[in-house]
Asks: 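Below is a structure I'd like to ask you about.
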Amino acid sequence: MIFGLLTFVVFLVVYFYLVSYLHWQIENELLNSIKEFESLYKTGGIDALRSEFLREAESEGAHNVFLCLRTPDGKVVASSGAGACRYLEPLKPDLMNSDSDRPVLRTISPHGLSHKIRLVAKEMEDGYVMEVGRSLKNNELMMERYRETFGAAIFVMITSGGLIGWFMARKAMSGVSRVTTIASRIGKGDLRIRVPYGGEGEEIRALVIAFNDMLGRIESLVKELKHVTDNIAHELRTPLTRIRGLAETTLIKGKDVSEYQELAASVIRESDQLIAMLNTMLEIAKTDSGINEMALEPVDLKKIIEEAIDLFMPLAEEKDLSIEVSLPKGEVIIKGERHRLQRAFANLLDNAIKYSLENGRIEVSLKREEHGMVLVEIGDSGIGIDEKDLPYIFERFYRGDKSRSTPGSGLGLSLSLSIIRAHGGDIQVESAPGKGTKFTIVLPVES
Ligand code: ADP
């Protein structure tokens with residue numbers, strides 16, 4: 001509609017411009033002619049004018065020019081042809097007397113002629129009145145042709161514009177409606193479906209890609225959620241079954257107090273482990289939910305590592321492990337949450353000790369790196385990690401086959417990784433079964 005309206009307005013503007021231009025042109029011609037005839041009349045008199053009138057009629061066509069000279073009482077004394085003055089209207093006396101120097105312009109529609117005449121009349125010095133008229137036939141024909149041509153063009157443009165617009169809108173909308181149909185199918189539960197791209201154009205293509213990306217993300221989140229829920233259910237069942245077993249044993253009669261006390265202590269131990277596991281899971285969930293929730297402050301990473309080593313020294317000594325430490329001079333300040341970072345490094349050190357054999361060696365180093373990063377390496381000469389386990393050790397509840405006999409929940413590394421990631425860092429692992437394992441932690445220093 002806007003397109004049609006604009007086209008119509010353009011048509012009107014051009015039309016009126018053309019009309020006024022043609023009008024101006026013909027007026028100019030008439031005024032020039034009357035001036036020339038007037039001077040001829042002055043110099044050559046009626047006879048010269050008469051022959052000039054005839055010559056003009058011959059060259060321009062008797063139906064195109066109408067030239068006439070009348071006496072003050074309206075008698076024709078010279079004309080461009082028999083009857084030429086018949087079509088012209090003698091000037092009214094009031095017009096004639098108003099300003100005799102200025103020619104009077106009019107458009108008339110004479111009887112017996114199919115076209116209008118533009119007429120200029122002027123009173124000569126001797127009171128005679130000269131009239132010069134031109135047929136507007138050509139102009140009218142031209143404007144008629146213009147109206148026909150542009151009318152047809154506008155009709156074609158508006159019809160085809162409307163049709164093409166409708167077709168394009170339908171095509172564009174078909175992509176959107178396809179996305180809508182699929183979205184409602186997905187809403188019913190099938191997250192594996194993707195919207196195929198049907199070639200509807202760049203915008204729809206971008207929409208389809210963004211929509212499919214979003215679906216992929218949702219699908220993997222739902223999968224992960226299901227996986228975690230399954231794991232939690234599984235991991236809770238084992239200790240709860242054990243606790244139930246212990247409680248059941250107490251029901252069997254014939255036990256003395258010390259036996260009951262032992263069973264109660266076991267229930268407490270199992271419950272504590274369960275609570276610790278739930279707390280770790282909550283901690284991971286909280287850390288994963290975003291760094292914004294953490295109270296970040298400048299902390300000295302070197303101090304955190306030293307404290308963690310001090311804490312685990314007695315455990316290491318129990319297994320006759322040596323801990324070699326290499327730390328830089330001065331403080332290494334990073335922006336972080338002290339307790340969480342302590343927990344992340346404690347888990348890694350705990351694992352290094354847990355999975356080391358007696359008389360083994362543990363190496364801990366802290367280095368400043370380029371690009372504002374720090375590197376912490378925690379290596380051990382322990383049992384190492386099987387290649388098949390390596391991709392999964394950071395997953396929640398994942399425990400290597402070899403570590404089944406060692407106490408643990410399979411949550412330590414998950415927590416460490418989510419803490420380090422929440423601080424803008426990452427953890428890498430290298431391991432050779434039987435030779436040892438090295439965890440490399442990168443963290444950004446405070447800028
Ligand atoms: P957990 O130690 O409680 O089993 P983690 O999440 O800390 O759980 O570790 C996951 C698994 O990664 C462990 O079960 C173990 O197989 C492997 N692992 C982690 N650290 C080491 C290490 N330093 N040496 C050998 N294996 C390790």
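Residues take their numbers from the sequence shown, with the count starting at 1. When a ligand or atom number is given, it counts from 1 through the structure's own listing order.
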Asks: Just so I know, are the side chains of Q273 and P239 near enough to count as touching, which here means a heavy-atom distance under 4.5 Å?
Replies: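 Sidechains of P239 and Q273: no contact.
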Asks: Only heavy atoms count here, so choose which of Y398, F394, Y355 is nearest to atom 18 (N) of ligand 1.
Replies: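 Shortest heavy-atom distance from atom 18 (N) of ligand 1: Y355.
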Asks: Does K402 have a non-hydrogen atom less than 4.0 Å from ligand 1?
Replies: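 No, K402 has no heavy atoms under 4.0 Å from ligand 1.
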Asks: Using distance alone, determine whether I385 and ligand 1 share an N or O pair under 3.5 Å.
Replies: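 So ligand 1 has no N or O lying under 3.5 Å from an N or O of I385.
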Asks: Among protein heavy atoms, which lies nearest atom 6 (O) of ligand 1, and at what distance?
Replies: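 Protein heavy atom with the smallest distance to atom 6 (O) of ligand 1: L413 N, 2.8 Å.
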Asks: With heavy atoms of G410 as the reference, note each atom of ligand 1 found under 4.0 Å away.
Replies: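 Those qualifying, in numeric order: 1 (P), 3 (O), 4 (O), 6 (O), 8 (O).
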Asks: Can you tell me if E262 has over 12 outside heavy atoms packed within less than 6.0 Å of its CD?
Replies: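 Count not over threshold, so no.
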Asks: Would you mind finding which of N347, L349, I362, N351 brings a heavy atom closest to atom 20 (N) of ligand 1?
Replies: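 Shortest heavy-atom distance from atom 20 (N) of ligand 1: N351.
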Asks: Using the side-chain hydrogen bond (donor to acceptor under 3.5 Å, both in side chains) rule, collect all pairs that involve residues 429-439, keeping only residues at least two apart or in two chains.
Replies: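 Qualifying pairs: S431-T437.
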Asks: Within the 4.0 Å heavy-atom shell around K354, which atoms of ligand 1 are there?
Replies: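 Per the distance check, 1 (P), 2 (O), 3 (O).
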Asks: As an exercise, identify every atom of ligand 1 less than 4.0 angstrom from a heavy atom of G408.
Replies: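 In order of number, 3 (O).
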Asks: Between K302 and D300, does at least one N-O distance fall below 4.0 Å, as a salt bridge requires?
Replies: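 Salt bridge: no.
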Asks: Check each atom of ligand 1 against the heavy atoms of S403 and keep those under 4.0 Å away; list them by number with element.
Replies: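 Per the distance check, 13 (C), 14 (O), 15 (C), 16 (O).
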Asks: Where is the nearest protein heavy atom to atom 4 (O) of ligand 1: which residue, which atom, and how far?
Replies: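 Nearest neighbour among protein heavy atoms for atom 4 (O) of ligand 1, to 0.1 Å: R399 NE, 2.6 Å.
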Asks: Using a strict 4.0 Å threshold on nitrogen-to-oxygen distance, state whether K137 and E140 make a salt bridge.
Replies: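 E140 and K137: not salt-bridged.
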Asks: Is it true that D426 and R421 have a side-chain N and a carboxylate O under 4.0 angstrom from each other?
Replies: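 Looking at R421 together with D426, the answer is yes, because their closest N to O distance falls below 4.0 Å.
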Asks: Between K402 and D389, is there a salt bridge with N-O shorter than 4.0 Å?
Replies: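 Not counted as a salt bridge, because no side-chain N and carboxylate O are separated by less than 4.0 Å.
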Asks: For atom 17 (C) of ligand 1, which protein heavy atom lies nearest, and how many Å away is it?
Replies: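 Protein heavy atom with the smallest distance to atom 17 (C) of ligand 1: I393 CG2, 4.0 Å.
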Asks: Is F439 touching ligand 1 with its side chain, its backbone, both, or neither, if touching means heavy atoms under 4.0 Å apart?
Replies: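 Only the side chain of F439 comes within reach of ligand 1.
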Asks: Contact between D380 and ligand 1, counting heavy atoms under 4.0 Å?
Replies: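 Right, D380 reaches ligand 1.
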Asks: Just to check, does S409 reach to within less than 4.0 Å of ligand 1 when the distance is taken from its heavy atoms?
Replies: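 Under 4.0 Å: yes for S409.
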Asks: Does this structure show an ion pair linking R343 with E283, if we count only N-O contacts that are shorter than 4.0 Å?
Replies: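 A salt bridge is present here (some side-chain N lies under 4.0 Å from a carboxylate O).
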Asks: With no hydrogens and no angle check, just 3.5 Å: does a side-chain donor-acceptor pair link Y398 and N231?
Replies: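 Distance-only check fails for Y398 and N231.
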Asks: Would you call E377 and E363 a side-chain contact if the rule is heavy atoms closer than 4.5 Å?
Replies: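 They are not in side-chain contact.
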Asks: Mind checking what makes side chain to side chain donor-acceptor pair (under 3.5 Å) contact with R244, not counting sequence neighbours?
Replies: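 Per chain and number, R244 pairs via side chain to side chain donor-acceptor pair (under 3.5 Å) with E248.
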Asks: At a non-hydrogen distance cut-off of under 4.0 Å, which region of T437 contacts ligand 1 (side chain, backbone, both, or neither)?
Replies: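 Just the side chain.
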Asks: Would you check whether G400 has a nitrogen or oxygen atom less than 3.5 angstrom from a nitrogen or oxygen atom of ligand 1?
Replies: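 Yes, there is a polar N/O contact under 3.5 Å.
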Asks: Heavy-atom contacts with G412 under 4.0 Å: which atoms of ligand 1 show up? List them by number with element.
Replies: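 With G412 as reference, the close atoms of ligand 1 come out as 5 (P), 6 (O), 7 (O).
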